[in-house]
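Below: the structure, in structure tokens.
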Number of protein chains: 2
Amino acid sequence: MTVNTLHRPTHRDALVHLEAAFERGDMVTIFGRCTVDYDGRATSELGPGDRLVVLKPDGSILVHTDEKRTPVNWQPPGCTHSASVRDGRLLVRSTRTSPDERLDVQFERVEQCSAYAVDDRSDLELVGSEEDLRQHILSDPDVLEAGFEPLETERQSDAGAIDIFGEDADGVAVVVELKRRRVGPSAASQLRRYVDALHREFGDDEPVRGVLVAPSVTERAADMLDREGLEFVALDPETGEPPVEEDDGESRDEGETADDDGDGNRDTDDGDGNRDDA
Amino acid sequence: MTVNTLHRPTHRDALVHLEAAFERGDMVTIFGRCTVDYDGRATSELGPGDRLVVLKPDGSILVHTDEKRTPVNWQPPGCTHSASVRDGRLLVRSTRTSPDERLDVQFERVEQCSAYAVDDRSDLELVGSEEDLRQHILSDPDVLEAGFEPLETERQSDAGAIDIFGEDADGVAVVVELKRRRVGPSAASQLRRYVDALHREFGDDEPVRGVLVAPSVTERAADMLDREGLEFVALDPETGEPPVEEDDGESRDEGETADDDGDGNRDTDDGDGNRDDA
DNA sequence: GGTTATATATCGGAT
DNA sequence: ATCCGATGTATAACC
């Protein structure tokens, strides 16, 4: 882990710094006043302003303002960084083909330019995904409905892969579509496409049930499911159990710390900070 | 535009630096070895590694590794930053309620900590959105089909807002759904929901056409449109005209700076292969 | 605040 | 390479 930083460099010094960083495979940040020009899947222009530009060795580039989680301009991994000085000004360019795209960041002033040698082998471990919900149902199919028997996951159909395909207690085919969060009309439509595909596959004589599984459902989606003869089962992706209602105390105990203050303000804890722990 | 940077600060010095930056409304970056812990809509853990953490004055926080465009962990705008030192180590915490979420970044080592005073009043101007496609059709409805007359945009229905509602040359109701890029089955389903809603609204006697407008369509979606009696019209969102075939160069070039350094390849157009239309 | 749909979505898996 | 769906999607518009 090393950092190499130039403060208020000349554009030419910044260029040399950048090229060496690219060569080493470093991650780079540049902060300065710049304009941005993008042409590719869409086209955009951004006038002068102060921004933080991040260049990653995998070819990604991010241009961040002081607002939003999403960069104001960017390029995904796989692009090629290049830098140059034109008319005495640093130009950082990112290009790719397929699709043909170009992102230009033209600096009026470079306030800081840093190169970071990154060592990161850890992988993110995440709980609460749709895959977790699937595992819950497969390991205990009764949470879906008594007697449900999963037969296949990712079963292919004319409309795409069905999350879980199985049979109910009566041996009727069941299409199960999983969502990790509250579902709207598009999830209902997705389920319908799969059910329709199996109807076409099995013929009209064979009944096919469709069950949407998610922690909750919007009213419009629930109406649509009703109209189309589809079903909904409420399950939480983290627990695999029906979500707890919060209208009255139905707490499953989470012995949590008392909330110190109303929200209000900054609350930057002091140094010795013994703030609660989670 | 000012930058205030600490190199290899003590955790306590970094804390003071951070709190002053929060107070000023600066944007902040921290580079160092850290672990990350998230609990909210889902739950995640990330073991030790070198990352770039960006804190914005609007409450966003981004944790970036040296790969991907998407941060490995983050928090959207509106969250509250706080920092503290525990056991001699810098802890950066972001919290919000509704949903209840917490992100902790615990540093083993702080390599660099920078605060940026950002001045950015420019807004992004972007061309090629779905809104642009709509304007093209509204200003010249014949590009959709001869005699088409737009009557309403964002027309409400039981299934949601219809992009463009109008009549064809015969006075038949037309639902138009717009997409800025190649469409798949979900767009076809979306159109179907709107057409179904108008059928319920108008009754079975009244015919309702559904037209999906996009630069191209996948085969599975085209099949679905066929089955459901829906239509497709190929239009480019930037030009509002039928997309050009890419079998030969149709470069519209953009008299730009000469390409300074190596890497010459350019203009190998392609994009998304567009298939037929329906 | 919830709902709905868009996005230069990004990303991953399957074909 | 395209297709397809998941994402802690984020973001905006509308109610």
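Each chain gets a letter, A, B and so on, in the order the sequences are listed, and its residues count up from 1.
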Please produce a list of atom pairs where a protein N or O lies less than 3.5 Å from an N or O of nucleotides 12-15 of chain D.
residue	atom	partner	partner atom	Å
D/dA12	OP1	A/Lys68	NZ	2.9

Under 4.0 Å between a side-chain N or O of A/Gln190 and OP1 or OP2 of D/dC4?
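No, no such contact exists.
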Quick one: list whatever passes side chain to side chain contact (heavy atoms under 4.5 Å, CB included) with [X], sequence neighbours left out.
X	value
A/Asp196	A/Arg192, A/Arg200
B/Asp100	B/Thr97
A/Pro242	A/Leu235
A/Thr35	A/Pro48, A/Gln106

Does A/Arg193 reach the side chain of B/Ser189, with side-chain heavy atoms less than 4.5 Å apart?
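In short, these two side chains touch, coming nearer than 4.5 Å.
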With sequence neighbours left out, the residues meeting salt bridge (Lys or Arg N to Asp or Glu O under 4.0 Å) with B/Glu101 are B/Arg41, B/Arg96
Report the residues that fulfil salt bridge (Lys or Arg N to Asp or Glu O under 4.0 Å) with A/Glu67, sequence neighbours left out, ordered by chain and then residue number.
none
DNA chain C: first to last nucleotide in contact with chain A (atom under 4.0 angstrom from a heavy atom), 5' to 3', is C/dT3 to C/dC11
Watson-Crick and G-U pairing of DNA chain C, under 3.5 Å, as dot-bracket with | and [ ]:
|||||||.|||||||
Do any pairs count as a side-chain hydrogen bond (donor to acceptor under 3.5 Å, both in side chains) and have a residue in residues 211-222 of chain A, sequence neighbours left out, and if so which ones?
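Checked against side-chain hydrogen bond (donor to acceptor under 3.5 Å, both in side chains) - neighbours excluded - the pairs reaching residues 211-222 of chain A are A/Arg182-A/Ser216.
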side-chain hydrogen bond (donor to acceptor under 3.5 Å, both in side chains) pairs touching residues 155-165 of chain B, sequence neighbours excluded, are B/Arg155-B/Glu201
Scan residues 214-223 of chain A against DNA chain D and write down, sorted by residue number, each residue with any heavy atom closer than 4.0 Å; if none is found, say none.
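Those residues: none at all.
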